Structures are given as structure tokens and as C-alpha cells.
Amino acid sequence: MLDLSESRAQIDVIDKEITRLFQKRIDVCRDVAAYKIQNNKKVLDKTRENQKLEALSKLAEDGFKEHGICDLFTQVMAICRKRQYQIMKEEGVAQPVPFDCVDEIDKTNATVVFQGVEGAYSHAASMTYFGDLATYFHVPNFEEVMKAVANKEADFGVLPLENSSAGQVGDVYDLLTRYDNTIVGEYYLPVRHCLLGLKGADIDKIQTVYSHPQGLMQCGKFLNEHSSWQQISQANTAMAAQKVIKENNPKTAAIASETAAKLYGLEILEEGINDNKTNTTRFIIVSRKKCYRRDASKISIMFEIPHESGSLYTILSHMIYNDLNMTKIESRPIPEQPFEYRFFVDFEGNLADAAVENAILGIKEEAARLKILGNY
């Protein structure tokens, strides 16, 4: 009969020896890092690591052990690289991130651009975030928002990034990659859709309803109860309200906000018709200035990685190693590289934190591309 206690005792001895040797390997990293710093060499030497894995796998006695050996030493080498990045930061050879730390984001006499028209949810988010002292103007699409900020026509742009019911706004993620604007803030706006009609309109006589595609989707249960209505998409909810005013037809209605009803003089035929009563849209505030508040606590980045096994884990492990809490990850296709993807990650931290600096350095060195989208 096998003696479990004896086997456990043997494992304890082996584990202590592994720990001792691992610590010794980590200690050698300082010498390796010093050499690479002196000779201006990159920390990641993929050719050397592959050679090491091939040599070590030959020491395994069978296929299962070979796979286990590769897994083990892949992680060992990854941890040693992270220690080298820390040493590079300690020695001051790593380039600092090109962002200025400020006490406050300057909103004084700000000019703010948003997509849509007055009465849209983007307009409501803008007004709530910046207040009555800002100057506002609107443009027809998301890209025009980014262009206006980049071309100094506006100080800030307000864009929807995701909705708690409908998910990501993919076009905005793509624009964050293409334009050199920076996220400097965010605002979460509760979405409460209403059915709006002309004064005196009868809900039982409605035949056509207008709204943004997401507005229609987010009110699916309500619209299913009125399946005879024709649903027609508009560029945004406020333009749907304008459409009802323009047509002046009591048989048409719009799904939009209470703000739009007041602004355009429409009657609320039914309120709170969205399926999810906690429906919320996250808006981001973008600026052409690369800055972050001293008390900023969330960082957004975008990175592209080699299309190979383990590459995503390798990048995310920099957050694990530096004890950073990732709060969100999204992927978007890379148009010029079919069926390959770039990733957008949010995590907690401040660009001045040592742990964040170490993680950013490691990701920058090992990703095919890294862009810091903002700290806010």
C-alpha cells in the first residue's frame, strides 16, 4: 500500500530545491539585464528562448513530460524577463511614457463636439460632464468628432464606447487606434428610452417608429408587443425625434430620451420602454493633449500581438506579475490582416505607478504594437 505522507514529504523536499534553484536563476537576471543594457539589446530574445526550449524538451522521457517541460520553462523565462524589465526601470534606461501629469483636466471655456444633434444621448452626456459654460457643436458621425479634436476645432470630443445591453461601439474602438487623441475622462449615462409622438397622438394608432438601431434593439420586448409597427433606423435617437416633427404625422413615433421630448416639443406616449431598466452607456472624453490627472485610476491600452499560441497570455501576464487588476478586454479585427485581431484592455492604475511602468515596458517590448489610449 502506498504511503501518502511519505510521497508528500518527498514532494516538499523537491519543491524546496526547485524554489532554491528558481531564486538562483532570478538572481542571475541582474547580470543578464546589465549586459543587455550595456549592449543595447532587447530583453526578449525569441531565438535564444526557442533554442532553450528545444534543448530542454529533449531531456524529457516521453511526450507528456516534453509538453510539461516546455510549459514550465516558458513560464520561468517569462518571469525572468519581467525581472529584467524591472531592473531596466530601476536603472533608468527605459523611456518614460509621453504623458503629462496634471492636477485637473482644464475645462475652462472648453469647446466640445459630439455626434448627432441636440437632444441625443451624446448631447446629454456632454452637457452633464462639462456643464453650461462650455460651447457645444455637433457633427454627423463619430469620425468627425475625432477629426474636430485632432484639427483643433474642438478641445474635447464625447463618444459612446459601450452600452451595458448592446456591448461595444466597434467604430469608436477603431477610431481610437487610427487617431492620436487621448482619453482623459469617462461618463456613465443611464439610458431611459421613451416613445415620443406628436401632441395628442394615440399610441394605438402608431404605424411607424424611428430610432437608432441600438435604440430599437434595446426596446425589443416593447416593440414585439407592437409587431405591426414598421421600424426604421435613424442616425441617432434625437434625429428620430426630429423626423417625427418634420413629417408631422400622428401615426409616427420615435424612441428617444425625455430630453429630446422637451427639446422638440413632443409628447411622451410611453416612458421607460427599454428592456433593461439599468441600461447604461459609457461615454469617453477625448483630447488631443496627452495628459492624465494625478488621481487617475483607470488605464486603457490597445495592443497587437503575433498570431501564435500563447501570445495573448504572454502579454496579459505582465499585468498578473505586476499585480494589476484588469477590468475589461475587447478585440477588434485588424483590417489589413484578415482573421487577426487587436486587443483593447482596461486595467486599474496610474501611469506614475512603478507597477504600471513595469507592465507597460514589458508589453511595449513584447507586443507587435502598443498604444496607450489614456489614463483617467
Side-chain angles (χ1 to χ4, degrees), residues 114-128 141-142 158-173 186-284 327-332 344 346:
F114 61 92
Q115 181 271 338
V117 296
E118 285 81 0
Y121 286 107
S122 292
H123 182 213
S126 302
M127 290 286 292
T128 306
N141 57 60
F142 298 141
V158 178
L159 290 161
L161 189 64
E162 60 178 320
N163 177 268
S164 59
S165 298
Q168 65 168 246
V169 184
D171 290 347
V172 175
Y173 275 97
E186 65 179 348
Y187 180 72
Y188 288 81
L189 180 73
V191 176
R192 194 165 186 265
H193 291 313
C194 300
L195 184 72
L196 311 182
L198 296 173
K199 296 290 185 181
D202 185 347
I203 191 172
D204 292 329
K205 295 181 180 179
I206 297 297
Q207 295 179 351
T208 303
V209 60
Y210 300 109
S211 193
H212 184 274
Q214 286 193 5
L216 295 170
M217 180 179 67
Q218 292 165 12
C219 300
K221 291 180 181 177
F222 174 81
L223 291 173
N224 285 340
E225 295 173 1
H226 303 277
S227 56
S228 63
W229 293 357
Q230 182 183 13
Q231 300 176 29
I232 300 179
S233 297
Q234 298 294 301
N236 58 60
T237 55
M239 291 182 72
Q242 287 182 335
K243 181 83 169 172
V244 172
I245 291 292
K246 182 178 180 180
E247 291 190 354
N248 195 32
N249 182 351
K251 295 181 180 180
T252 64
I255 292 176
S257 66
E258 183 180 354
T259 301
K262 293 177 180 177
L263 187 63
Y264 297 112
L266 292 171
E267 184 173 321
I268 297 178
L269 305 179
E270 189 97 23
E271 57 184 336
I273 62 173
N274 35 296
D275 302 344
N276 182 356
K277 303 308 178 185
T278 61
N279 189 14
T280 303
T281 297
R282 175 191 174 197
F283 288 87
I284 54 171
T327 58
K328 182 178 178 60
I329 183 169
E330 296 278 0
S331 64
R332 292 288 298 161
F344 297 81
D346 291 347

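Since this is a predicted model, take the numbers as computed values, not measurements.
A 4.5 Å side-chain heavy-atom check between V117 and N236 finds at least one atom pair inside the cut-off. When side chains are defined from C-beta on, P160 counts as touching F142, because their heavy atoms get closer than 4.5 Å. Inter-residue side-chain proximity for L196 and I268 is flagged as met; some heavy-atom pair is nearer than 4.5 Å. Using a 4.5 Å heavy-atom cutoff, the side chains of S257 and T237 are not in contact. In this structure, the side chains of V172 and I284 come closer than 4.5 Å at one or more pairs of heavy atoms. Taking the side chain as every heavy atom from C-beta outward, Q234 and Q242 never approach each other to under 4.5 Å.
Under a 3.5 Å cut-off, the side chain of S331 and the backbone N or O of I329 do not form any donor-acceptor pair. A donor-acceptor contact shorter than 3.5 Å is absent between the side chain of N276 and the backbone of S164. Distance alone, capped at 3.5 Å, is enough to place a donor-acceptor pair between the W229 side chain and the I206 backbone.
Using bins of under 30°, 30° to 60° and over 60° for the plane-to-plane angle, the ring pair F222/H226 lands in the tilted bin. Between Y121 and H193, the ring-plane angle classifies as perpendicular under the 30° and 60° cut-offs.
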### Message
Could you walk me through whether N279 and Q218 satisfy the side chain to side chain donor-acceptor pair (under 3.5 Å) test, starting with their C-alpha distance in whole Å, then the side-chain angles of each, then the deciding distance to 0.1 Å, before giving a yes or no?
### Response
CA-CA 8 Å; N279 189 14; Q218 292 165 12; 2.9 Å; yes
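Of the charged side-chain nitrogens involved, at least one lies within less than 4.0 Å of a carboxylate oxygen, so that E258 and K262 count as a salt-bridged pair.
More than 12 heavy-atom neighbours from other residues, nucleotides or ligands sit within 6.0 angstrom of NZ on K328. The environment of NZ in K277 is crowded: more than 12 heavy-atom neighbours from other residues, nucleotides or ligands sit within 6.0 Å.
When all heavy atoms of I232 and T208 are compared, the closest pair comes out as CD1-CG2, 3.7 Å.
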